[in-house]
Every structure is written in structure tokens, then in C-alpha cells.
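I have a structure here, written as C-alpha cells, and I will follow up with some questions on it.
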Amino acid sequence: MQHEAQNEILDEILASSSLEELQTVKTKYLGKNGLVTSQLKEMGKLSPEERKAKGAEINALKTSLEGAVEARKEVLEQAALEAKLHSEAIDVTLPALHFPVGGLHIISRILADLEGMFGRLGYRTVLGQEVEDDLHNFDALNIPWFHPARDLWDTFWMTDGRLLRTHTSPMQIRYMLEHTAPLRITVPGKVYRYEATDATHESMFHQLEGLLVGDNIRMSDLKGTIAEIARGLFGPSTKVRFQPSYYPFVEPGADFSVWWENPRGESKWLELGGCGMVHPSVFRAVDDLREALGKPRTYEGKTGFAFGLGAERIAMLKYGIPDIRYFYQNDLKVLGQFRGELETLSILEAL
Ligand code: YSA
């Protein structure tokens, strides 16, 4: 082959700009049907002397082309590697991506705090059901169907006669049906009221019920417990006030409030919940139901106290939140200010 033609092939090899292109050129000249191979096939027609000379010439061409292909391959592979490294380079000076991190809702945190405080006083957390019946939500709590006190709890009734619990108190009955005294429980959870919403009232909110039953339990035990929890929530100098109040399932009954001062200089008594000494009629109703279930009557002669706290009211008080509706409008600008660490407390699984 003439020198010029050989140089042209070498130029073609050098001009290939990718490994694929190089492979095409290689096949064209060195492949099975390539130029070099076809020249080798032609050699059969030559005389022995010519064959020798031609053979040497073709082999030299072949070696030179193979060398050039190999050299070009190395160059292209290196370039491909560099391009890949470049494209994958990490620029550590770029601003970091922002991944928003979630947190516990403020009400979940209040309930978790309460669970911790009552837990240290020996209370066990139990969960009730949100869909309740007349018997547990009202009748067994000394609120028969004709009792005017039913008006205190505007109720969402379901078409099958059941209702959305209006308070966490039905769990008092359910727990006493299954357990005997002495007992101390708290029941956190959602409750529902068919009422118009305003700055301090929602139609769905959270309560924490408490029940302690034993022997010789007195009103002073109740007052001490509530005062202890209020100070745990709002600080050691918190003032707590009890005022007589009426709940059919306690006698005597009371509402309790804490003295609330905010940075704007406003201050007032803010009601947190209701409480009282468990009414003997409630113990009697529980014993009647236990008897009907074939269980011994064990509550006659027992004494105990119960209370129900509003979790939203506590959060409003603690953080100076002026309107209860902020909690469930899900505005992250509001809720994000109260984000807490994730805790694995049993009540959180149910909320
Ligand atoms: C009373 C005596 C006991 O021995 C045991 C429990 C109770 C509490 C009773 N079951 C009850 O539900 N009382 S209550 O209707 O006055 O509600 C208790 C607390 O829930 C209130 O003090 C208030 O803090 C909160 N609350 C009531 N209605 C609310 C509300 N919070 C937000 N929105 C509403 N609509």
C-alpha cells in the first residue's frame, strides 16, 4: 500500500472522536471484511517472491494500524473518564438543599408532658374509643336521657344511635368494668362537641381524663394532685383556684383554673377543667353493669376522685396563644414555632 493511503487511514483513526467511531474505523480496515484482511486474501494469487514481499508489507501496515487504534483508544478512554469525573464533581461551596423536618404537634406534646407527669405520680395511661354509646357517655355517668345536664354536652349523634364521645369520662366506666380498685388512670384523647367555634371553643378538641379510686380518698388528695400538675405545667409559683361546679358524676364537683399573666400585662383566671369526688351513683352503675356481666360488685364503699383537663386550653395558656382555631388550621408558620423532638410515648401512637 502506498504511503499516502496509509497516512489517510492513520488520519482517519486520529480523527475519530468517540470510542464508537473508532470501532467503526477499526472494523473498516482491520475487521473480517476489512481492507487489510481482503489484501491478505488476495496474496494467494501472487508468486512466492511477491507474496513474501507483499506479506511483510501488509503485516507492517496491520501492526501500524493496530498500534494507532490502540493509542487512539487510550486517548479517548482517558477523555471519557475525565468528562465523567468532571460531570460528577461535587461542588462543596453550593448552598445545601433544604429538607423540612417535621415535629410533634403542640397538643401531642402537651399530652405527652401530662402523661410523663401523671406517670411519675403512678398513673397508667389508657385509651378509650371515640365512637361511644349512650350508656358509657351518659347513663352510667349519672346522666339519664331526661337529665337537663345533657345540654352541657352538645352531641354529634350517629344514625345508628351511637355518638362521638363528648368527653373522655366514659373511659372511667369502661375501665372500672374491667378492673378493681385501687386504680389510677389517665385517658388522653379527642372529644367532639356539636357547638359553634370561637376563640376558646372548638368542635373537636383534646381532653385528659383522670380517675383515682381507693379507700379513704379525700377532696384534699384531688386538690393536691391538680395543684401539683398545674405547677409542673406552668411553674412552681402557679396559683390554682377551685370553684364549686356541677357535674352529675361527681359530688362535690369543682372547676379549676390557673392565674394567667401574659407579657402584654393581661391577667385572669383561666379555666382548665372540671373535677370532683366520684358520685356514689357512678360506683353503683358500674357495680350493676359488672353484676350483669357476672363479675363481683366491688365498688360499693370505695372513694375516688376524677378530673378532665382541656389540652388546647393548657397550650393556649402556656404559650400565650390567643385563639384555639390556630391549632387545626395547619398553618406551618404557627405550628412550626412549637415543634418538638419526636418522643416514643404510648399515647402518640393513638393520636
Ligand atoms: C369533670 C369532673 C370529673 O370528675 C371528670 C371530668 C370532668 C370534665 C367533664 N367530663 C367535662 O367534659 N367538662 S367540660 O365540659 O367543662 O370540659 C372540660 C374542659 O375541656 C374545659 O374546662 C375546657 O378546658 C375544655 N373544653 C370544653 N369545651 C371545649 C374545651 N376546649 C376546647 N373547645 C371546647 N369546645
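Order of listing sets the numbers, starting from 1, for every ligand and every atom in it. Because the structure is predicted, anything quoted here is derived from the model rather than measured.
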Quiz item: Does the pair Lys28/Glu12 count as a salt bridge with the N-to-O cut at 4.0 Å?
Solution: yes
Quiz item: Any nitrogen or oxygen of His167, main chain or side chain, under 3.5 Å from a nitrogen or oxygen of ligand 1?
Solution: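 Yes, there is a polar N/O contact under 3.5 Å.
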Quiz prompt | Which residue and heavy atom of the protein sit nearest atom 16 (O) of ligand 1, plus the separation | solution =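 Nearest protein contact, heavy atoms only, for atom 16 (O) of ligand 1 is Tyr247 OH, 3.2 Å.
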Quiz item: Are Asp160 and Arg162 within salt-bridge range, i.e. N to O under 4.0 Å?
Solution: yes
Exercise. Please determine, by modelled atom types, if Gln78 and Glu74 share a side-chain donor-acceptor pair under 3.5 angstrom.
Key: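 No pair is found: no donor N or O on one side chain lies under 3.5 Å from an acceptor on the other.
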Practice problem: May I ask you to list the atoms of ligand 1 that are less than 4.0 angstrom from any heavy atom of Ser169? | Solution: 6 (C), 10 (N)
Quiz item: Would you call Thr166 and Tyr192 a side-chain contact if the rule is heavy atoms closer than 4.5 Å?
Solution: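 Heavy-atom side-chain distance check fails, nothing below 4.5 Å.
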Quiz item: So which bit of Ala306 gets within less than 4.0 Å of ligand 1, heavy atoms only: side chain, backbone, both or neither?
Solution: both
Self-check item: atom 33 (N) of ligand 1: nearest protein contact (heavy atom, Å)
Solution: Glu202 N, 3.0 Å
Quiz item: Going by heavy atoms, is Thr200 under 4.0 Å from ligand 1?
Solution: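 Contact check Thr200 vs ligand 1: positive.
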Quiz item: What is the closest protein heavy atom to atom 35 (N) of ligand 1, and at what distance does it sit?
Solution: Glu195 OE2, 2.7 Å
Practice problem: Check the pair Tyr175, Tyr123 against ring-ring contact (aromatic ring centres under 6.0 Å, His included), reporting the backbone distance first and the verdict last. | Solution: CA-CA 13 Å; Tyr175 196 81; Tyr123 286 73; over 10 Å; no
Quiz item: Quick check: are there more than 12 heavy atoms from other residues, nucleotides or ligands sitting under 6.0 Å from CG of Asp331?
Solution: yes
Self-check item: Heavy-atom nearest neighbour in the protein, as seen from atom 3 (C) of ligand 1, with distance rounded to 0.1 Å
Solution: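 Minimum-distance protein heavy atom for atom 3 (C) of ligand 1 reads Phe249 CE1, 3.5 Å.
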Practice problem: Determine whether more than 12 heavy atoms belonging to other residues, nucleotides or ligands lie under 6.0 Å from atom NZ of Lys73. | Solution: no
Practice problem: Before signing off on this row, confirm whether His201 and ligand 1 have an N or O atom pair separated by under 3.5 Å. | Solution: no
Exercise. Give the residue and atom name of whichever protein heavy atom lies nearest to atom 28 (N) of ligand 1, and the separation in Å to one decimal.
Key: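 Ranking protein heavy atoms by distance from atom 28 (N) of ligand 1, first comes Phe205 CZ, 3.3 Å.
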Exercise. Decide whether an N or O pair under 3.5 Å exists between Gln172 and ligand 1.
Key: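 The answer is no, given that Gln172 and ligand 1 share no N or O pair closer than 3.5 Å.
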Quiz item: More than 12 foreign heavy atoms under 6.0 Å from CZ of Arg297: is that the case here?
Solution: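 Counting other residues, nucleotides and ligands, CZ of Arg297 exceeds 12 neighbours.
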Quiz item: Do Leu272 and Ser257 come within less than 4.5 Å of each other through their side chains, counting heavy atoms only?
Solution: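 Answer no - side chains too far apart.
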Exercise. Please report which non-hydrogen protein atom sits nearest to atom 22 (O) of ligand 1, along with the residue it belongs to and the distance in Å to one decimal place.
Key: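 Of the protein heavy atoms, Glu271 OE2, 2.7 Å lies nearest.
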Practice problem: Using a strict cut-off of less than 4.0 Å between a Lys/Arg side-chain nitrogen and an Asp/Glu carboxylate oxygen, indicate whether Lys26 and Glu66 qualify as a salt bridge. | Solution: no
Quiz item: Which part of Phe305 is near ligand 1, with near meaning a heavy atom under 4.0 Å away: side chain, backbone, both or neither?
Solution: neither
Practice problem: Give the residue and atom name of whichever protein heavy atom lies nearest to atom 17 (O) of ligand 1, and the separation in Å to one decimal. | Solution: Gln207 NE2, 3.3 Å
Quiz item: Given Arg193, Arg165, His279, which one has a non-hydrogen atom that is nearest to atom 15 (O) of ligand 1?
Solution: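 Selected option, by shortest heavy-atom distance: Arg193.
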Quiz item: To the nearest 0.1 Å, how far is atom 6 (C) of ligand 1 from its closest protein heavy atom, and which atom is that?
Solution: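 Result: Gly308 N, 3.3 Å.
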Practice problem: Would you check the N or O atoms of Val250, main chain and side chain alike, for any that come under 3.5 Å of an N or O of ligand 1? | Solution: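 Such a contact does not occur with ligand 1.
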Practice problem: Determine, considering heavy atoms only, which of Met316, Glu312, Met204, Glu209 sits nearest to atom 5 (C) of ligand 1. | Solution: Glu209
Self-check item: Atoms of ligand 1 close to Gly274 [distance to a heavy atom under 4.0 angstrom, numbered from 1]
Solution: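 Listed by number with element: 1 (C), 2 (C), 7 (C).
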Quiz item: Got more than 12 heavy atoms from elsewhere within 6.0 Å of CZ, Phe242?
Solution: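 Yes, enclosed.
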Quiz item: If you count the non-hydrogen atoms of other residues, nucleotides and ligands that lie under 6.0 Å from NZ in Lys52, is the total more than 12?
Solution: no
Quiz item: Does Ser203 approach ligand 1 within less than 4.0 angstrom via side chain, backbone, both or neither, non-hydrogen atoms only?
Solution: neither
Quiz item: Which atoms of ligand 1 are found less than 4.0 Å from any heavy atom of Ile324?
Solution: 32 (C), 33 (N)
Quiz prompt | Distance-minimising heavy-atom pair for Val213 and Ala181 | solution = CG1-CB, 3.8 Å
Quiz item: Is it the side chain (CB and beyond), the backbone, both or neither of Val278 that lies under 4.0 Å from ligand 1, heavy atoms counted?
Solution: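 It is neither; nothing of Val278 touches ligand 1.
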Quiz item: Is there a side-chain contact between Val191 and Thr168, using heavy atoms and a 4.5 Å cut-off?
Solution: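 When only atoms from C-beta onward are counted, Thr168 and Val191 do touch, with a gap below 4.5 Å.
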Exercise. Could you list which atoms of ligand 1 come closer than 4.0 Å to a heavy atom of Gly273?
Key: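 Going through ligand 1 atom by atom, the ones under 4.0 Å from Gly273 are 22 (O).
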